[in-house]
Protein chains: 2
Amino acid sequence: MKTMMIGKVAESAGIGVETVRFYERRGLIESPPRNASGYRQYPVSTIHRLRFIRRAKELGFSLREIKELLELQTDPTSTCGDIMKHTEQKLTDINRKIDDLIKIRDALNLLFEACSRDRTLADCPIINAMSDKELQD
Amino acid sequence: MKTMMIGKVAESAGIGVETVRFYERRGLIESPPRNASGYRQYPVSTIHRLRFIRRAKELGFSLREIKELLELQTDPTSTCGDIMKHTEQKLTDINRKIDDLIKIRDALNLLFEACSRDRTLADCPIINAMSDKELQD
DNA sequence: CTTGACCCTGTAGTATAGTACAGGGATTAT
DNA sequence: ATAATCCCTGTACTATACTACAGGGTCAAG
């Protein structure tokens, strides 16, 4: 099996070496086997896992939540019932996030299109195009 | 015009009093007028703004980014060009976030449905239902 | 007229998520 | 064989976003 050292995984995942070790301490990735010199030897799958962590963070999940999401896949001690309950909750959260993002996107699109219809700078229709109500609630 | 004091706005927005003052210091909400005793007098619109801030935070926007989003609406000194450039960037970010969330949701849905088809606990199909590849990349 | 629940400023402390050394060993390129 | 470049552990520092006082003023109700 092809393995790689920490510098390579970190670079491939777009994060720092220290961050990889930090995630290991926090239990987001498991401690990989070591070679004779004590160097960590990672399987390729670790890169995918680290990329997932990075993206999930950008989506507003905390490391704790990301750990939970990842454990839904990998925890062999959970029962189906546990996992379904957990998963249902996560799905609800994620659907709410998607809906909120769509609202913000639609409001921004309105603004963008209003600006596109070649106006003079003086009456740029920002304030009208996107009222407090539309964007903020 | 109906106004309210800081305790009321904070409670209505679902955040703490100290947090409201903190957002004022950071320029996310403007310094409201004060009454004779120096107490902040907020218009109702501040509640919507605070709620927006709270939700945007849950979506992974930093306070700096939220400030920029809010300024797209309210900054009267920006030109249409500035705003369009800014808005376009935000739209790209938001669309990427939506896509990522949908990917995670679909993977979780697969897991959820696989578990729903009454299996014995022994062969709960987590690992198969949601492979690393599907969820993680 | 005082007591409890508010408000004020200012400063300090906390949680989360890194990020940066220090001090040392291993490996590779010249 | 000796730099340069990686790796190790452990600890300390940083940024962000709160959160909690300290020490004091305001105000409505009993």
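Residue numbers begin at 1 in each chain, while the letters A, B, ... track the order of the sequences.
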Problem set entry | Base versus backbone protein contacts along nucleotides 13-24 of chain D [heavy-atom cut-off under 4.0 Å; B, S, -] | ----BBBBB---
For this session: Look at B:R40 and D:dT26 and indicate whether a side-chain polar atom (N or O) is within less than 4.0 Å of OP1 or OP2.
Result: no
For this session: Calculate the interatomic distance between A:L28 atom CG and C:dA17 atom P; express it in whole Å.
Result: 9 Å
Exercise. For B:T92, what residues pass the side-chain contact (heavy atoms from CB on, under 4.5 Å) criterion, not counting sequence neighbours?
Worked result: none
Every protein N/O lying under 3.5 Å from an N/O of nucleotides 2-5 of chain D:
none

Exercise. Which whole-number value in Å describes the distance from B:I6 CD1 to C:dT9 C1'?
Worked result: 12 Å
For this session: Go through the structure and list residues passing side-chain contact (heavy atoms from CB on, under 4.5 Å) with A:S12, not counting sequence neighbours.
Result: A:M4, A:K8, A:I47, A:R51
For this session: Mind calculating the distance between CD1 (A:I66) and P (C:dA17) to the nearest angstrom?
Result: 8 Å
Exercise. Rounded to the nearest Å, what distance is computed from the CD atom of residue A:E24 to the P atom of nucleotide C:dA17?
Worked result: 17 Å
Exercise. Who passes side-chain contact (heavy atoms from CB on, under 4.5 Å) against A:D99, sequence neighbours left out?
Worked result: none
Exercise. Is A:E65 reaching over with its side chain to a backbone N or O of A:S62, donor-acceptor style, under 3.5 angstrom?
Worked result: yes
Exercise. Phosphate oxygens OP1/OP2 of D:dT9: is one of them under 4.0 Å from a side-chain N or O of A:R34?
Worked result: yes
Exercise. With a cut-off of under 6.0 Å to the ring centre and 45° to the axis, is A:K103 in cation-pi contact with B:F52?
Worked result: no
For this session: Using atom CD of B:E11 as one end and atom C1' of C:dA5 as the other, report the distance to the nearest whole Å.
Result: 14 Å
For this session: Run the salt-bridge test on B:R21 and B:E18 with the 4.0 Å N-O cut-off and return the result as yes or no.
Result: yes
What protein N or O atoms touch nucleotides 23-30 of chain C N or O atoms at under 3.5 angstrom, if any, and at what distances?
unit_1: C:dG25; atom_1: N2; unit_2: A:Y39; atom_2: OH; d: 2.7
unit_1: C:dA26; atom_1: O4'; unit_2: A:Y39; atom_2: OH; d: 2.9
unit_1: C:dA26; atom_1: O3'; unit_2: A:S37; atom_2: OG; d: 2.8
unit_1: C:dT27; atom_1: OP1; unit_2: A:S37; atom_2: OG; d: 2.6

Exercise. Counting only N and O atoms by type, is there a donor-acceptor contact under 3.5 Å from the side chain of A:R54 to the main-chain atoms of A:A13?
Worked result: yes
For this session: For B:K97 and B:L59, indicate whether the former's side chain and the latter's backbone hold a donor-acceptor pair under 3.5 Å.
Result: yes
